[in-house]
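Just so it is clear, the model here is predicted, and its values are computed rather than measured.
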Amino acid sequence: MAEDKDLTLWKDRIRLALRDRAEVAHDEDWDKWEDAYCGEWGTGVPMPMNYTFAQFRALIPQIYFRNPGATVRTRRPGDNEEVKARAVEATEDYLVDEMAVKPTMKRATLDVLLYGTGFLKCGYDSEFGVPKEKGMAEVAGEIVDAGDTDLSRYDEDGNRIEYNAHVRDGMPWVIRVHPRDIVLDPLAMNPDLSDCRWIAHRIVRMLDDIKADSKYKHTKDLKATEPDERRYKALKDALGDTPEAERRAKTLGDAPCELWEIHDRKTGEVLVLSLDHDKWLRREVDEMQIDGLPFIPIIFNVNPKGFWGVSDAQILHPTQEELNTTRDLQKKYRQQGLRFLLAKEGALTTEQKERLRSGKLDVLVEISREHSGPLGDAIALINRFMPGDLDQWSATIQGDMRDLLGLGRNQMADFESSARRSATEAGIVQQNAQIRVDERRDILGDVLKRVLRLTIQCVFKFWTEEHYARIVGPDGTVQWHAYTGEELQGEYEFDIEPDDALPLTKMQRKSDSIGLVNTIAPVLSQLGLPQGALELIRQALRQHEGYNPESIVPHPQQPAPGMMPPEGMPQGMPQGMPQGMPQPMMGEGGPNADVPVPMPEMPFGG
């Protein structure tokens with residue numbers, strides 16, 4: 001049976017995109033740059049100085065976000081829109097933690113430094129495709145209510161066929177994708193994929209899991225792409241290097257199979273194929289093309305030759321090799337200087353020579369009586385010197401590497417001691433060095449904003465069940481807000497502060513919390529919002545070890561529905577107000593009269 005012409009066309013596109021990546025991104029050198037970062041120089045470099053690793057480890061903590069999140073503001077007027085914006089912000093804060101955004105972005109940042117480009121992929125429910133229909137699903141022969149998922153991550157017996165712990169049923173997710181597993185439209189140039197028609201993700205799954213996945217069709221004749229190396233070695237040891245060993249390695253159910261998942265912006269489809277298979281495994285509407293392609297590239301150094309970014313490791317590698325050579329010369333000079341002797345022929349036996357060459361301390365060698373006269377007539381120690389230029393070369397090369405990456409000595413946790421500098425000059429140098437670091441941090445801030453946008457759009461589209469968010473209402477009280485994804489839909493702005501990536505010490509947190517209480521709490525009390533003032537005090541106490549905020553400033557007790565407040569207390573007045581706290585301006589019914597009784601805290605999707 002002839003292969004589908006469209007399928008053949010897409011296979012050719014993938015092969016051409018692989019060649020384009022090799023030409024622009026130099027992926028044939030990626031292994032070399034990885035080895036340099038990991039300090040794997042081979043036997044030819046006995047004395048390496050891994051300054052590439054040191055610089056990357058100094059840079060990453062300065063640019064990734066320690067507390068990823070955003071302030072959400074509505075673009076529409078109205079109190080209800082404000083409440084929705086606060087629910088969106090609370091939902092994002094919860095999802096950022098559940099999806100492990102912080103370690104995912106940190107790992108992708110290392111990809112950018114090593115390969116020039118990093119990738120994040122956003123999705124919903126299943127790692128290998130959004131379910132077409134949600135609701136009822138069949139598991140182990142029983143029909144169950146799947147809610148916001150179709151349980152496609154399980155086989156017919158209820159066993160898992162997906163294993164990423166950060167990809168959860170009925171939840172949005174974001175994962176890091178290795179650049180080796182991505183190819184895209186060779187005509188694309190913009191680093192935000194705005195001009196990219198299609199992108200393909202290489203997926204390697206076990207053959208049994210692919211055949212058990214209900215999203216794939218025509219899997220009966222699908223074969224493993226290549227034998228698993230460890231399994232093939234075990235079979236070859238048992239059966240010999242024979243075609244039978246290779247055949248059995250490929251036919252084992254848990255042998256790996258390589259698939260290509262294509263997201264085509266032109267047709268709005270998601271397509272899945274194997275280069276060794278003659279049928280489409282999946283071809284349907286791409287539910288994740290909500291706001292463009294579901295991939296987020298990260299590029300620090302734009303490449304004028306194409307989409308793929310310029311790798312920092314590529315730029316540093318020649319100077320790193322020069323630094324290794326310099327350090328190797330220093331080691332050789334030290335070795336020669338410590339053990340360099342001249343002896344008259346026959347003055348030392350072979351055994352005595354070996355003892356001197358051993359490098360051990362406290363070696364005693366006796367000179368034969370036949371050699372009369374001064375000892376210096378038989379053996380002479382030649383004092384060698386260490387060329388001072390080697391140290392200067394090493395310092396110069398390290399300075400070149402810092403300049404290439406845009407880091408100063410202070411940012412590498414080192415003191416600048418080359419000359420005396422004025423405070424003004426030091427400030428100018430620090431400011432200029434910080435510009436390039438700030439640029440990278442700003443790029444990661446835009447990436448985080450894109451992640452949050454795609455995540456909340458998944459919530460709008462797929463969360464049909466009721467969820468809950470704990471928010472602070474317009475009156476300053478903590479409320480539980482029930483919502484579905486459709487009810488949260490609106491127009492929002494996501495503000496991310498790049499300084500969130502900077503380290504914040506405990507002392508700074510304590511000082512900021514005290515200053516906030518002194519400034520804001522009196523204002524809240526005068527406005528009739530004492531609960532807000534009390535919450536600020538509790539937050540300040542949480543920054544100081546050894547204090548229990550709940551026992552020092554307990555939460556006000558709301559009367560149960562149908563119960564009257566204690567005698568003498570106005571309707572809606574919170575109980576437990578501390579003496580001396582300015583009393584709120586109470587209107588008819590009070591500002592808290594309509595506040596619902598707080599519900600017990602529960603996870604999202606409860």
Side-chain angles (χ1 to χ4, degrees), residues 1-30 111 115-123 127-130 175-205 210 213 215-219 221-226 256-299 302-309:
M1 181 177 178
E3 185 175 272
D4 187 309
K5 292 183 178 179
D6 203 22
L7 177 63
T8 303
L9 175 63
W10 276 108
K11 289 182 178 181
D12 292 341
R13 285 173 175 165
I14 290 174
R15 294 185 179 103
L16 289 173
L18 285 168
R19 188 177 68 180
D20 175 74
R21 188 184 71 186
E23 293 176 354
V24 179
H26 305 287
D27 58 9
E28 71 277 2
D29 293 327
W30 285 359
D111 287 342
Y115 315 113
T117 309
F119 288 94
L120 299 177
K121 180 182 181 182
C122 293
E127 183 178 354
F128 304 107
V130 180
I175 59 174
R176 164 253 182 187
V177 180
H178 198 290
R180 279 194 178 92
D181 297 330
I182 294 291
V183 296
L184 47 82
D185 182 2
L187 297 179
M189 292 290 292
N190 296 339
D192 60 354
L193 297 179
S194 57
D195 61 344
C196 181
R197 175 195 159 175
W198 62 270
I199 188 170
H201 176 198
R202 186 180 76 101
I203 296 171
V204 178
R205 299 182 67 183
I210 295 174
D213 196 325
K215 293 185 289 294
Y216 298 132
K217 310 298 182 184
H218 307 121
T219 60
D221 298 327
L222 185 65
K223 298 292 191 300
T225 305
E226 58 185 16
C257 182
E258 180 183 276
L259 307 180
W260 286 95
E261 180 185 280
I262 307 165
H263 298 260
D264 185 12
R265 180 178 282 173
K266 179 177 181 178
T267 62
E269 290 181 315
V270 56
L271 310 97
V272 178
L273 60 84
S274 170
L275 295 178
D276 299 325
H277 194 57
D278 61 356
K279 292 184 176 64
W280 287 109
L281 300 175
R282 185 183 180 205
R283 186 169 190 174
E284 57 192 41
V285 174
D286 189 356
E287 298 288 347
M288 279 307 302
Q289 288 195 41
I290 305 172
D291 185 17
L293 298 170
F295 292 85
I296 306 172
I298 312 174
I299 296 176
V302 176
N303 191 339
K305 295 182 178 180
F307 164 80
W308 298 90

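Taking the side chain as every heavy atom from C-beta outward, D181 and F119 never approach each other to under 4.5 Å. Taking 4.5 Å as the limit, some side-chain heavy atom of H263 sits within range of a side-chain heavy atom of V270. The shortest side-chain heavy-atom distance between Y216 and L259 falls under the 4.5 Å cut-off. Side-chain contact between I182 and H201 is present, with heavy atoms from C-beta onward closer than 4.5 Å. A 4.5 Å side-chain heavy-atom check between F307 and I299 finds at least one atom pair inside the cut-off. At least one side-chain heavy atom of L273 sits less than 4.5 Å from a side-chain heavy atom of K11. Residues E28 and H26 meet the side-chain proximity criterion, which asks for heavy atoms closer than 4.5 Å. By the 4.5 Å heavy-atom criterion applied to side chains, I262 and I14 are counted as neighbours.
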CA sep, side-chain torsions, deciding dist, call: R202, L18, side chain to side chain contact (heavy atoms under 4.5 Å, CB included): CA-CA 11 Å; R202 186 180 76 101; L18 285 168; over 6 Å; no
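For R13, there are no side chain to side chain donor-acceptor pair (under 3.5 Å) partners at least two apart in sequence or on another chain. Not a single salt bridge (charged side-chain N to carboxylate O under 4.0 Å, His left out) links D195 to another residue, sequence neighbours left out. Among residues two or more places apart in sequence or in another chain, the salt bridge (charged side-chain N to carboxylate O under 4.0 Å, His left out) test is passed with D192 by none.
A 6.0 Å sphere centred on CZ of R15 holds more than 12 heavy atoms belonging to other residues, nucleotides or ligands.
How far CE of M288 is from CZ of F295: 9.5 Å, rounded to the nearest 0.5 Å. Considering CG of L184 and CG of D20, their distance stands at 7.5 Å, rounded to 0.5 Å. In this structure, CD in E258 is found 10.0 Å from CD1 in I210, a value given to the nearest 0.5 Å. Rounded to the nearest 0.5 angstrom, I298 CD1 and D111 CG are separated by 8.0 Å. One finds the CG atom of L222 at 4.0 Å from the SG atom of C257 (value rounded to the nearest 0.5 Å).
Between W260 and W10, a ring centre-to-centre spacing not shorter than 6.0 Å is recorded.
With respect to K121 and E261, a salt bridge is recorded, a charged nitrogen being found less than 4.0 Å from a carboxylate O. Using a 4.0 Å cut-off between charged nitrogen and carboxylate oxygen, R205 and D213 count as a salt-bridge pair. Using a 4.0 Å cut-off between charged side-chain N and carboxylate O, D264 and K266 make no salt bridge.
Taking the six-membered ring for Trp and thresholds of 30 and 60 degrees, H178 and Y115 have ring planes inclined between 30 and 60 degrees apart.
Of all heavy-atom pairs between H277 and H218, the closest is NE2-O, 2.9 Å. Closest heavy-atom contact between D286 and E269: CB-C, 3.6 Å. The two residues P186 and A17 make their nearest non-hydrogen contact at CG-CA, 4.2 Å. When all heavy atoms of I203 and F128 are compared, the closest pair comes out as CG2-CE2, 3.4 Å. Considering every non-hydrogen atom in both P179 and R21, the closest pair reads O-NH1, 3.2 Å.
Under a 3.5 Å cut-off, the side chain of D185 and the backbone N or O of C196 do not form any donor-acceptor pair. At least one donor-acceptor pair closer than 3.5 Å links the side chain of W30 to the backbone N or O of A25. Not a single donor-acceptor pair under 3.5 Å links the side chain of R197 to the backbone N or O of L187. Panel note: side chain T117, backbone G309; a donor-acceptor pair is recorded below 3.5 Å.
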